[in-house]
Visitor: 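This structure is in C-alpha cells; I'll ask about it shortly.
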2 protein chains.
Amino acid sequence: MPAEDRATPKWRPRQRTLKSFQAEFDFSLKAICTRMLERHRDTIRTQKPHVAVAKLMPIIQTTLTLANRKGFHSMSLRDLATESGLSMGALYTYFDTKDTLLMMILGEVSSAVSEALGSPPEGFADNPAERLHWLLETHIYLTEVMQPWFVFAYMEAKAFPKEGREKATKSELLTEKMIADALADGVESGLFSVGDVEFTASLIKPLLQDWYVKRSKYRRRGISPEQYVQAVTEFVETAIRCQSEPLPRKRHRANHRSETAAAAAS
Amino acid sequence: MPAEDRATPKWRPRQRTLKSFQAEFDFSLKAICTRMLERHRDTIRTQKPHVAVAKLMPIIQTTLTLANRKGFHSMSLRDLATESGLSMGALYTYFDTKDTLLMMILGEVSSAVSEALGSPPEGFADNPAERLHWLLETHIYLTEVMQPWFVFAYMEAKAFPKEGREKATKSELLTEKMIADALADGVESGLFSVGDVEFTASLIKPLLQDWYVKRSKYRRRGISPEQYVQAVTEFVETAIRCQSEPLPRKRHRANHRSETAAAAAS
DNA sequence: TAAAAATGCGAACGCTCGCTCGTTTTATGC
DNA sequence: GCATAAAACGAGCGAGCGTTCGCATTTTTA
C-alpha cells in the first residue's frame, strides 16, 4: 500500500521513491564487487575480472552475513570458506589478510556515501528545506540498499586498525557536516529556527542511523523506506521549523501530519 | 557554567540535574559490584564480601575499558589479568567462564534500567509532558553515570549467547514501551499530536542512545548532560506538540527555545 | 605462633585461529 | 588434444586463546 494510492487533496507532487533511487545509482552486490576489484587489483591475485567478481560476490555476501551475526572477529575464515563455497587457499587469492577484507568492505561503504550524497541536484541554493529533505531521503535510501554494509561499518569500524576507524569517522562527520550546512542555510533564510546547527545535526544523525542499525525492528512493524523518510522528515522539520512562517516545499504534501499518521499506522 | 546561573525571566522551577540524580541512586562502581556479588554468590568463589568487591571493581572496570576499545571477543583474559593487576588463576575465582563475565555485566545494566526507570514519581497521571520529560531525563542521566556499561551492552549484546541477547532486547523494548505509553497519554489528553505512538517512540529512542554511544562527540563539543536533556526534550516536544494549544509544564522554563540555543552554543 | 582456611599464582593443556604452500584440478590457446 | 597458465585445494604451521590445577602465599583463627 504505497502512499501514492490514497486519496489526496488537490495537488500532489511526485515523491522520490526507493525505486527511483535504485534507478539513479547501482549499488547492487555485483556493481560494488566490480568496483572493489578495480580498487584492489594489486592484492587480488585472480587475473580474469569476471572470475574475480563472481567469487568476490559470495565472499563478501557471506562475510557481511556472518560478521553482522557474530562480529567480524568471531567469524573464522574457515566458516567463511565453507559458507561461501571456497577453500581456505582460494580465499587468499582475493585478499592477503583478514584485515584487508575488512578494509575492502569499509572502503566501499565510504565511497558509496561520497557518491550518493556528494552530488546533490542543483537548485537547492534557494530552498534549504528541500535540500535537507533530499539529504535525509538519499541517506535512508542508500542505507536501505546497502543495509548490511552499513551495519558492518557501524559495528566493526571502531574495533579495527587505525586506518579503518579514520575512514569511518570521516564518513560520519561528512554526513553530519552536510546536514549542518543545510540547517545553516535554512536559518540564514529565516525558515529554520535552530540554536546550534551542529548540535541539531548531531541529533538528526542517529535518526538516520537507526534505520539500518535497527532495520529488523522497522521491518517487523511494516514500515517502508518511504514511510520512514516521510516520518523522519516530518519529525525533523516540525522540530526546527520557524514558528512565524510555514515551510513551503515543492515536493511536500499539504496536510502532512495527519497523513503520516495514517501511513505509519501499519 | 550550570544553567541555573544565567539570568532568567520571572519564574524558574528547580531543574533536575545529574547531581540530583546521583543523590537519588547509587550507580557507583562499588555499589554495582556489591550488587553483582550478591547476585552471583554461587559462581564467585571468594568468601569475604569486601575482598570480592575490592577485586571485582578493577576486573569490571578494566573489562569495560578494554572491551569498549577492541570488542569483548578481542579482549584476551591475559590482557584483562595484566591490566587489572591479577593473575589468570585469580580471575577465575570471580567468574567460571568468559561468557559469565559478559552476562554479569549485562545483568547489572538491565537491572539498573529497571531500577531507575521502573519507579517514576507519582502525580504524572495528569501531566504527560512532564512524564515524558522525566523519562528522557532519567534515561540520559542513568546512561551518563553508567556510560561504559551501556556502550558495552549496546555493542556486545548481539554477538553473544541467546540469554544475553534476550536480556538486552527486553531492556530496550521496555524503554521504548515506556516512551510509547507516555506519548499515548499525551495524545489522549490532547496535548500531543502523534500519528503512531510506537513508531514515534522508536524515533525518540536513538536520541537517547546517541548520548552514550557517541559520548565522546558530545564531550568534544562541551555539551553537558543537562544541556543534552534540554535539547532532546525540546526537540521531541516541538515535534510532537499539538499545534492548537501549548504544552504547559511545571518544571519547564518559559522561553526555552532561544535559551537552549544559547546553552548549546558551547 | 602455629594450624587452618582463604586466596593468589602462572606454567601447561587442548583447541582454534589466521595464514602458507606443494599439489591437483580446471580453463585457455594452438 | 596436448601444453601451459590460472585457479582451487586442504593439510599443516606456529601463535594465541580460554581454561585448569597443584602449589605458594597471605590471612584468619585459636
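Side chains included, hydrogens not; waters and symmetry mates left out as well; all remaining heavy atoms used. Quick note on labels: first sequence line is chain A, next is B, and so on, each numbered from 1.
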Visitor: Side-chain donor-acceptor pair under 3.5 Å between A/Ser111 and A/Arg39, yes or no?
Guide: yes

Visitor: On DNA chain D, compare the nucleotides closest to B/His73 and A/Leu86; which residue's is nearer the 5' end?
Guide: A/Leu86

Visitor: With no hydrogens and no angle check, is any side-chain donor or acceptor of B/Gln227 less than 3.5 Å from a backbone partner on B/Ser224?
Guide: yes

Visitor: If you only use heavy atoms from C-beta on, which nucleotide in C/dT7, D/dA8, C/dC9 is closest to the side chain of A/Thr46?
Guide: D/dA8

Visitor: Of all the nucleotides listed (C/dC19, D/dC9, D/dA6), which has the minimum atom distance to the side chain of A/Leu77?
Guide: C/dC19

Visitor: Would you mind reading off the distance between A/Gln47 atom CD and C/dA27 atom C1', rounded to a whole angstrom?
Guide: 13 Å

Visitor: Can you confirm if the aromatic rings of B/Phe25 and B/Phe21 lie within a centre distance of less than 6.0 Å?
Guide: yes

Visitor: Any donor and acceptor pair, going by atom type alone, linking the side chain of A/Tyr212 with main-chain N or O of A/Met146 inside 3.5 Å?
Guide: no

Visitor: Rounded to the nearest Å, what distance is computed from the CG atom of residue B/Asp79 to the P atom of nucleotide D/dA15?
Guide: 18 Å

Visitor: Between C/dT7 atom C1' and B/Phe95 atom CZ, what is the distance in whole Å?
Guide: 15 Å

Visitor: I need the NE2-P distance between A/His50 and D/dA7, as an integer number of Å.
Guide: 9 Å

Visitor: When you measure only distances, ignoring hydrogens and angles, does the side chain of A/Arg78 come within 3.5 Å of the base of C/dG18 through a donor and an acceptor?
Guide: yes

Visitor: Identify which nucleotide among D/dA8, C/dC9, C/dC19 has an atom closest to any side-chain atom of A/Lys98, counting heavy atoms from C-beta outward.
Guide: C/dC19

Visitor: Measuring from the side chain of A/Lys48 (C-beta onward, heavy atoms only), which nucleotide among C/dC9, D/dA7, D/dA11 has the closest atom?
Guide: D/dA7

Visitor: Can you tell me if A/Arg69 has over 12 outside heavy atoms packed within less than 6.0 Å of its CZ?
Guide: no

Visitor: Please report, rounded to the nearest Å, how far the P atom of C/dC17 is from the CZ atom of A/Phe72.
Guide: 14 Å

Visitor: Charged N to carboxylate O under 4.0 angstrom, B/Glu24 versus B/Arg16?
Guide: yes

Visitor: Using whole Å, what does the distance between atom P of nucleotide D/dT20 and atom CG of B/Asp96 come to?
Guide: 8 Å

Visitor: For the helix from C/dT1-D/dA30 to C/dA27-D/dT4, measure the angle between the helix axis at one end and the axis at the other, each built from five pairs, rounding to 10°.
Guide: 10°

Visitor: Checking the side chain of B/Thr175 only, and the main-chain atoms of B/Ser171 only, is there a donor and an acceptor separated by less than 3.5 Å?
Guide: yes

Visitor: It should be established whether A/Thr93 places a side-chain nitrogen or oxygen under 4.0 Å from OP1 or OP2 of nucleotide D/dA7.
Guide: no

Visitor: Give a yes/no on whether any side-chain N or O of B/Ser87 is located under 4.0 angstrom from OP1 or OP2 of C/dC9.
Guide: yes

Visitor: Verify, without hydrogens or angle tests, whether A/Thr17 (side chain) and A/Ser20 (backbone) share a donor-acceptor contact under 3.5 angstrom.
Guide: yes

Visitor: So is B/Lys98 actually on top of B/Phe72's ring, under 6.0 Å and inside 45° of the axis?
Guide: yes

Visitor: Which of residues 51-62 of chain A have a heavy atom under 4.0 Å from DNA chain D?
Guide: A/Lys55

Visitor: Who passes ring-ring contact (aromatic ring centres under 6.0 Å, His included) against B/Tyr218, sequence neighbours left out?
Guide: B/Trp211, B/Tyr228

Visitor: What's the OH-P distance between B/Tyr94 and D/dT19, to the nearest Å?
Guide: 18 Å

Visitor: Figure out the CE/C1' separation between B/Met88 and C/dA11, and round it to whole Å.
Guide: 11 Å

Visitor: Look at B/Ser76 and D/dG16 and indicate whether a side-chain polar atom (N or O) is within less than 4.0 Å of OP1 or OP2.
Guide: no

